[in-house]
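Structure, as structure tokens:
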Amino acid sequence: MDPFEITQNRETVLELRNLSVSFDTPDGEVEAVRDVSLSLAAGETVAIVGESGCGKTVMCQSVMKLLPNTARIKQGNIIVCGEDITNYKDRQMRNLRGSTLSMIFQDPMTTLNPTVPIGKQITESLRLHGKMSAAAAHGRAVELLNLVGIDNPERKMKLQPHYFSGGMRQRCVLAIALAMSPKILFADEPTTSLDVTIQANMLDLLRDIQKKTGVAVALISHDLGVVARIADRVAVMYAGKIVEIGTAEDVFYDPRHPYTWGLMGALPSVAIETGTLRQIPGMPPSLLSPPPGDAFAVRNEYALAIDYEKMPPMFKISDTHSAATWLLDSRAPLVAPPVRNHIRQDVSKSENLRAVGKETIIKVVDYVQHFRVSQSLTIEAVRGVSLELRRGEVFGLVGESGCGKSTIARAIMGIYKPTSGKIYFKDKLVSDRRSYRANRRETARGAQIIFQDSAAALNQRMTAEEIVSEPLVINRMCKSRRELHDRTAELLALVGLDSAYLTKSPPELSGGQRQRLAIARSIAMAPDVIIADEPIASLDVSIQAQIVTLFQKLQRERGFTFLFIAHDLSMVRFICDRVGVMYAGRLVEMAPTDELFSSPHHPYTIALLSATPSPDPVSERAKKIVQFKPELDAADGKMRELSTEHFVRGLF
Amino acid sequence: MDAFGPKKGIFPSGMGRRIGGRLLIFLFMMLFLSVIVFYVSRLAPGDPLEAFYGDATQSMTAPEMEAARTRLGLDGSITEQYVKWAASVIQGDFGISLRHKRPAWDVVRPLIGNTLILGGTAYIVVFVLAVILALFCARFEDSLADRLICKIATAAFYIPTFWLGVVLVLIFSVNLRLLPSSGAYDIGKAGSFSNRVRHMILPMIVMVASHLWFYAYMIRNKLLDEIRRDYVLLARSKGLGRTRILITHCLRNVLPTIVNIMAISIPHVLSGTYVAEAVFNYPGIGALAVSSAKYHDYNLLMLMVMLTGVLVIISSMLAQSINEIIDPRMKAGEEAY
């Protein structure tokens, strides 16, 4: 932040006073937002963080009044630019939406109308609110597209969204939102579905635009790194309430609420020094009948007796910082915060105790995979990758979406037949159908895969017991039904699910529990290799920590070899021994984790590392993002060994 | 590849290839259709000679019948008959109608216009009204009017067309004497436009009433699917009202579905025409189609089937092309990447 910038006395554009919003559902009233007070000044960015279901989106949509009819504002006031809009009807709201209030959404692939040209989607609100002529609106739209960094806007106005990439579409959504120069912009997870490098550019753009237009931004995010990069103030929400609020520095460097401690401790970049992620036990409470006291009490290891009985008020810590926890009461015992957010980029991982053998368990040689989409189009998903996995190691494969990571995982599993190249599993060729079948007992059992979206990957109609025992039955691993049942229960216990879960089916489970189930299934055959394709990407931070800790435990106890595919670099850094970076179907750099993070060589790796946000506001704000230019990636480059185990494509 | 640059080869050679490909598919489908119908129609029991000679066949001797068969092209195996039939069709000759003892085309020609006018008008009215009704229901989702229309839609589905026709005739022709009960025009007034319109009103009402609700209900549900999508949230956050979102955003995305439904509903509406023609004694090809199948009038039957087939296949191809204009992503796999 500019030290000479005026921070006080800026016009307050949005004020929520004791806002409560609830939904009427067949099961009763769900109190989604409970007694929230928040203000937003012109030109400032307030981040609202919290896990899914904590009410962040409902809070923002209730200001826009975009909620379904079952939602209602139970109490409190919403004041926009000095005007109380709490009881505004839809007709009145329509004048505010798009002109004073604007919103951008999470998934740019679905928020744009697929059949309407981008230009028309932008001019629509200009013509509606601004009563502009077609020509004037057109001119303004071109101006807006320029503002959000889309080149050649005149031509792109006429194109439908499918001609644009995800990042470009999000820019278009932003252009739509900014069309009428709104006072307040709600950004609901605006970068969650984007790649890291694109996310970084998008955040910079958001900050730039804010500087130029003075719009107040309410940023909803679950990613504390993103928040650190652009937020001036941070509000932490839990179970529909704001539990802590303060400037970014307050919350990141001096967190006071135990939930904030939990969120911070679950971050791999904070935990890397100690080598263990702090887990928040349990799950968020149901908001159907929220507990009378602090909703976080049951998950809070520092909970006091009063936490279970009485809702803690907001305790003021400083002018800018307050938190709702009884720990701040003068009568409470003094508790030292268990996490020290002191992120040092130079720290190296605590020496791991894993015994990484020299034995190669999976070997991929010059693997090429082409997919023929139509006569005129063939996608080159993987363009020549060689790598090997050694027994007992955790190998991370990172890269942006579409770079071929998952394709490699599937080829190792024998799902795809390589266009060329060979894949060996313990010296057995698996890339060849005949050889795969001949060695099926070993190959099919030896490697197991876990997918990102286990809700989609697990059969909805099967019970947990059926899912986990299926591979055992297929491979006739158990002699009797009794033994099968015991084995299954044992496997579930191993992943932290008790036997009550045996009869449940995936829809009855939460995301984290489903992922545990998928893990139990994958280890049922006692495989040598587990391939985890973005296993934690769709989970909340605290659940991520639980799953990763489970991985670590299993790995330690059973010595699995892991191929960990991810786009979250901080998590990769936390658990992987070696990392391979992929770009456009090729491996561009491969090195031991510490080596890669401390001295990256390939320009793409450098760009990727610089774009990864870390939860440290001061360094994040100052950070310059290195842009990667595709032409830097030499087309004919070969992998060369720079130092022991450190390979880079081309000469860098 | 520059996604925004003009893609080389799409025009004109690509376009030519696409049209050529479709033409090929069209010819293949016609061939397939004709073979199937040709064979299946001959599987039905009965002698086609009866269609031509009526009771006279009973007094014919075997050689006479043989000679008659040869003359009418009914001799030889079915495959031979088919080849002969196909060869003459390629030259534009559909053979003679066994029952009417005239060239099949001459039998159909004077009536086809009547059916097309009745069917075509009903078709357009059905879909225009269906879209309007669907938009109205989607705009006021779950309101009293919406629920009422949906109930009517379900009820109307069970009302038999011919019964409705008879009831309408009773009310408007017999009791009120407002509208004529049968025919396409009064004798001697074939050229009078208003007279033709008056004759069309009742059959039209019957046809529209039997088809409208079904399609309106279908389009309404598609619209409601659409209004729950993410882009509608963005449109609402721009400040657009529900009516406007439905018309400028949702309808556009539902249009491909409507166009497809319109294409495949042609035989459906056409068969409705046949019923209306029967009830109102309207001179169209509906009755002809039924009788040709009943009396083994093979050449006439084949002509009708081929006409319907051409109409259906062409309209579904047209629908595909229209949809590609509305939503360019439908050019399968070509530019989606």
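Order of the sequence lines sets the chain letters (A, B, ...), proteins ahead of strands, with each chain counted from 1.
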For A:Gln121 versus B:Lys238, what's the shortest heavy-atom pair and its separation?
O-NZ, 2.8 Å
Taking side chain as everything from C-beta outward and backbone as N, CA, C, O, which of these in A:Leu96 sits under 4.5 Å from a heavy atom of chain B? Side chain, backbone, both or neither.
neither
A:Ile176 portion near chain B, given a 4.5 angstrom heavy-atom threshold
side chain
Against chain B, work out which of A:Arg91, A:Gln160, A:Arg94 has the most heavy-atom pairs shorter than 4.5 Å and name it.
A:Arg94
Engaged part of B:Arg229 at the chain A interface, taking heavy atoms whose separation is under 4.5 Å:
neither
Determine the minimum heavy-atom distance between B:Gly239 and A:Leu128, stating which atoms define it.
O-CD2, 3.4 Å
Please say whether more than 12 non-hydrogen atoms of neighbouring residues, nucleotides or ligands are located less than 6.0 Å from CZ in B:Phe32.
no
Take atom CZ in B:Phe157; do more than 12 heavy atoms of anything else shown fall under 6.0 Å from it?
no
Using heavy-atom distances under 4.5 Å, tell me whether A:Met64 contacts chain B through its side chain, its backbone, both, or neither.
side chain
Heavy-atom closest pair, residues A:Glu124 and B:Thr248:
OE2-OG1, 3.5 Å
Donor-acceptor pair, side chain of B:Arg252 and main chain of A:Thr115, under 3.5 angstrom
yes
So which residue, A:Asn95, A:Asn113, A:Thr110, ends up with the most heavy-atom pairs under 4.5 Å with chain B?
A:Asn113
So do B:Ser237 and A:Phe186 actually touch side chain to side chain, heavy atoms under 4.5 Å?
no
Count the heavy atoms belonging to other residues, nucleotides or ligands that lie under 6.0 Å from CE of B:Met29, then report whether that count exceeds 12.
no
Is A:Pro117 in contact with chain B via its backbone, its side chain, both, or neither, using a 4.5 Å heavy-atom distance?
side chain
A side-chain contact here means heavy atoms from C-beta on lying under 4.5 Å apart; do A:Thr111 and B:Leu233 qualify?
no
Report the option among B:Asp230, B:Val232, B:Ile326, B:Leu255 that has the most heavy-atom pairs separated by less than 4.5 Å from atoms of chain A.
B:Asp230
Which pair of non-hydrogen atoms, one from B:Leu234 and one from A:Phe105, has the smallest distance, and what is that distance?
CA-CE1, 3.6 Å
Minimum heavy-atom separation for A:Lys65 and B:Arg236, please, with both atom names.
O-NH2, 3.5 Å
